[in-house]
2 protein chains.
Amino acid sequence: MNKSEVKVIGALKREGKFSSAQSLYQLLRKNGESTGLATVYRTLQKAAAENIVDVLRKDDGEALYRLCDTGHHHHLVCTNCGKTVEVEASAVEKWASTVAKNNGFKKVTHVVELFGLCQKC
Amino acid sequence: MNKSEVKVIGALKREGKFSSAQSLYQLLRKNGESTGLATVYRTLQKAAAENIVDVLRKDDGEALYRLCDTGHHHHLVCTNCGKTVEVEASAVEKWASTVAKNNGFKKVTHVVELFGLCQKC
DNA sequence: AACATAAATGAGAATGATTATCAATATCAC
DNA sequence: GTGATATTGATAATCATTCTCATTTATGTT
């Protein structure tokens, strides 16, 4: 990771929650960094490809990024308070690749997210 | 449902797969309809609010719409041509409810979609 | 039918996130 | 240091989506 990437990923880490590329860019500028918007996007895309960050989509389609705690995993999100639990899903991974094979699909990715109400809500 | 809505939803039905607002608009124009893009969006948003159509997001954030079938199932979608296969996923259903229980979540719903390239593409 | 009023429509502009372009700058091997 | 190469930031371009508004169409009343 080079200097720019450290700055972007560092900002994401400080945020500690799902953040958009735009908001990270603004944050960096506010902190006096000269980082460009394109670099923010480039860094986040690369990090997403390397599974360093998670990507979600808001209802309006805007992408949100978040530092991964662990490797590949999915989320259980409280629809009321936003609490997020990362969950393992090896069973789902297996299922996905089997289904893909059975239907002749290649390069299959999957979107798996769980939504509900946490204990407090 | 008024005339315009019938046209838009009808086009979606004829497509029989996840389609974007833009592609439906082009389809309608090709068929000689004078339907405007704004009307396509308005109709799809309304239909989504009424749970008449399913909404998904492509990787690039574009929204895809599809007439709801009855019953619960998931999709394997070709990211190139849009071909859609409905897949059963009882294994996934079980997994989802177990994870929910283990984390004290109630009323859990899930989003599970597979994307890839079909044989032709 | 004639009229008034409200709702829906389509064309095009505006918005906003993302991506592409490209000259300037930093990095690295030698 | 020198030249080759990769990275960067500013800015323009792109593209889906939303907004605006004049016009059309539906609806209700007499």
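Quantities reported herein were computed from a predicted structural model and do not represent experimental measurements. Residue numbers begin at 1 in each chain, while the letters A, B, ... track the order of the sequences. Quick note: numbers below take in every heavy atom, side chains included, and nothing from hydrogens, waters or symmetry partners.
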_If I take atom CD in residue B/Glu5 and atom P in nucleotide D/dA26, what distance separates them, rounded to the nearest angstrom?_
13 Å
*Sub-3.5 Å donor-acceptor pair from the side chain of A/Asn31 to the main-chain atoms of A/Glu33, do we have one?*
no
*Does one hydrophobic cluster hold both B/Tyr25 and B/Leu27, with members joined at side-chain heavy-atom distances below 4.5 Å?*
no
*For the pair made of CE in A/Met1 and C1' in D/dT7, what is the distance, rounded to whole Å?*
16 Å
*Picking from D/dT8, D/dA26, C/dT9, which would you name as closest to the side chain of B/Asn2?*
C/dT9
*Can you check whether B/Thr39 has a side-chain N or O nearer than 4.0 Å to OP1 or OP2 of C/dG10?*
yes
_Please check this pair: side chain of A/Arg66 against backbone of A/Leu12, looking for a donor-acceptor N/O pair closer than 3.5 Å._
no
_Heavy-atom count check: over 12 atoms from other residues, nucleotides or ligands less than 6.0 Å from A/Glu50 CD?_
yes
*Consider only side-chain N and O atoms of A/Gln22 and A/Tyr41, and report whether a donor and an acceptor are under 3.5 Å apart.*
yes
*Bend across the helix from C/dA1-D/dT30 to C/dC30-D/dG1, to 10°, with axes taken over 5 pairs at each end?*
30°
*May I have the distance from B/Lys7 (atom NZ) to C/dA8 (atom C1'), rounded to whole angstrom?*
12 Å
*Specify the separation, in whole Å, of atom CG of B/Leu28 and atom C1' of C/dA11.*
16 Å
_Treating A/Asp60 as the side-chain partner and A/Glu62 as the backbone partner, does any N or O pair qualify as donor plus acceptor under 3.5 Å?_
yes
*asked:* Check for me, please, whether B/Val53 and B/Leu37 land in the same ILVMFWY cluster - side-chain distances under 4.5 Å, paths through other members count.
replied: yes
*Rounded distance (nearest 0.5 Å) linking atom CG of B/Leu67 with atom CG of B/Asp54*: 9.0 Å
*Spacing between B/Lys3 atom NZ and C/dT9 atom P, to the nearest angstrom*: 11 Å
*Hey, could you give me the NZ/CG distance between B/Lys7 and B/Leu24, rounded to the nearest 0.5 Å?*
14.5 Å
What protein N or O atoms touch nucleotides 16-20 of chain C N or O atoms at under 3.5 angstrom, if any, and at what distances?
residue : atom : partner : partner atom : Å
C/dT18  : OP1  : A/Ala63 : N            : 2.9
C/dT18  : OP2  : A/Tyr41 : OH           : 2.5
C/dT18  : O5'  : A/Tyr41 : OH           : 3.4

*Over how many whole Å does the gap from B/Gln26 atom CD to D/dT17 atom P extend?*
13 Å
